[in-house]
Visitor: 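Input: one structure, supplied below.
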Amino acid sequence: MRRFCSLIICAAMAVNIVGCTAHKTEPTDKELFVIGFSQVGSESDWRIANTQSMIDTFTEENGYELRVVNARQNQDNQFAAVRNFILEGVDFIVIAPTVEEGWDSVLAEVQAAGIPVIIMDRSVSVEDQSLYLSNVGSDFLNQGVMAVSWLDRQDADNGDGMVEILHLQGTYGATAQILRTQALEEAVEEHENWEFAAQLCGDYTEAKAYEVVSEYLQTNTDIDVLYSENDNMTFGAMRAMDEAGITYGEGGQVTIITFDATREALTYCMNGQIALCVECNPLIGPILEGLISTYRQGYDIQRQVFVPEFTYTSEDLTTSFIESRSY
Ligand code: GYE
C-alpha cells in the first residue's frame with residue numbers, strides 16, 4: 001500500500017489527468033467526455049482499489065478523460081478540486097466525500113454551472129436533494145448489522161460473561177464511520193453483557209490505528225472483541241497487540257471483526273487470525289459508467305445504488321478464491 005500511496009500522492013500534486021499520455025503528438029478528433037473525480041485520498045487499500053476501478057473504467061478508449069484529484073482526506077482540498085473542475089468546464093463531476101457535512105454551497109456552485117454530479121462511496125448530507133443525481137456505494141448500516149449479528153452468535157466473552165469491545169472507528173463524520181458505528185452502538189444497547197472497552201479513532205489508516213491502540217494497551221488489556229471499521233486499521237491494531245503480547249484469532253483472547261475484505265485481510269481470516277471479514281466493494285467504476293451513460297442518453301437514473309457485498313469467515317475462504325479477487 002505504501003508503494004501505491006507514493007504513486008497516488010505524486011499525482012495529487014497536480015490534477016492527475018488520466019486518459020492523456022505525454023507522448024501523444026497527433027490531436028485526437030473524437031470528443032472525450034471529461035469527468036472530474038474528487039477522491040478522498042489514498043489512506044487505505046480499499047481506496048487504492050476504488051481509484052483504480054475508476055481509472056480502469058473511464059479510459060480514453062471508452063471515450064472519457066478522467067481527471068482524478070486526491071484530497072489527502074481533507075475536505076477543503078475537495079472543495080478546491082471541485083471549484084477547479086467548474087473553471088475547467090468538465091462535463092461531469094464525481095465526488096467521494098471525506099465527510100457528509102459541509103457540501104451545500106460548493107454543490108450549489110456546481111449546479112449553477114450546469115454540471116451534473118454523482119456522489120460515490122460515502123454520502124453527503126445536504127438540504128437540497130437536487131444538488132446531485134445519485135449516490136452509488138455500500139449499505140454501510142447493513143454491513144454493521146451483518147457484523148453484530150454474527151458476533152451475537154459467538155461465544156466471545158472469554159468465560160467471564162462480559163464481552164469487552166475495542167471499537168476502532170474510521171474518519172469521524174464519514175458515512176462508513178457513522179453507520180458502521182450506529183450498528184455496533186445499537187447492538188451494545190441491546191446486549192446487557194456487551195460493553196465498550198474503548199472507542200478510538202484510527203482515521204482509516206494503519207499508522208493512526210497502531211498509534212492509538214498501542215497507547216491504549218499500555219493501561220488496558222481486558223479486550224474480548226476488536227470491531228475495526230477498515231482493514232488497514234485492523235492491521236495496525238494487530239501489530240500493536242502483537243507488541244503488547246495480546247493474542248487474537250483461533251484460540252486467542254481477541255475476536256477480530258474487520259471491514260473491507262481486502263486480499264490481505266481475507267488471508268488473515270483464512271489462517272484463523274481474523275474471525276470475520278465484512279466485504280465493502282470498491283469496484284464502483286463500472287456501475288458509475290452505466291449510470292453516467294444512461295444519464296447522457298436522456299434517461300433518469302436511480303437515486304441510490306448499493307453495490308453487492310458479503311461476509312467471510314475462515315471456512316468460506318481458499319487461496320485460489322482470494323487470489324481470484326482484484327483487491
Ligand atoms: O471502508 C475504508 C476507506 O468509505 C467505504 O473508506 C469507504 C471506507 C473504507 O478508507 O478503507
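In listed order, ligands and their atoms are each counted from 1.
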Visitor: Is the count of non-hydrogen atoms from other residues, nucleotides or ligands lying under 6.0 Å from E192 atom CD greater than 12?
Guide: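 Atom CD in E192 is not packed in, count stays at 12 or less.
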Visitor: Would you call D45 and R263 a salt bridge, using N to O less than 4.0 angstrom?
Guide: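 Salt bridge absent between D45 and R263.
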Visitor: Considering residues at least two apart in sequence or located in another chain, which fulfil the side-chain contact (heavy atoms from CB on, under 4.5 Å) criterion with E243?
Guide: Y210, R239
Visitor: How would you list, by chain and number, every residue that makes a ring-ring contact (aromatic ring centres under 6.0 Å, His included) with F140, sequence neighbours excluded?
Guide: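 Expected list: none.
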Visitor: Give the minimum heavy-atom separation between G173 and I178, together with the two atoms involved.
Guide: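 Reported closest heavy-atom pair: O-CD1, 3.6 Å.
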Visitor: Can you list everything that forms a ring-ring contact (aromatic ring centres under 6.0 Å, His included) with Y204? Sequence neighbours excluded, please.
Guide: none
Visitor: Around ligand 1, what residues show up once you keep those with a heavy atom under 4.0 Å from it?
Guide: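 Ligand 1 pocket, heavy atoms under 4.0 Å: E43, S44, W46, R47, D121, R122, F140, R180, Y204, N230, D260, C280.
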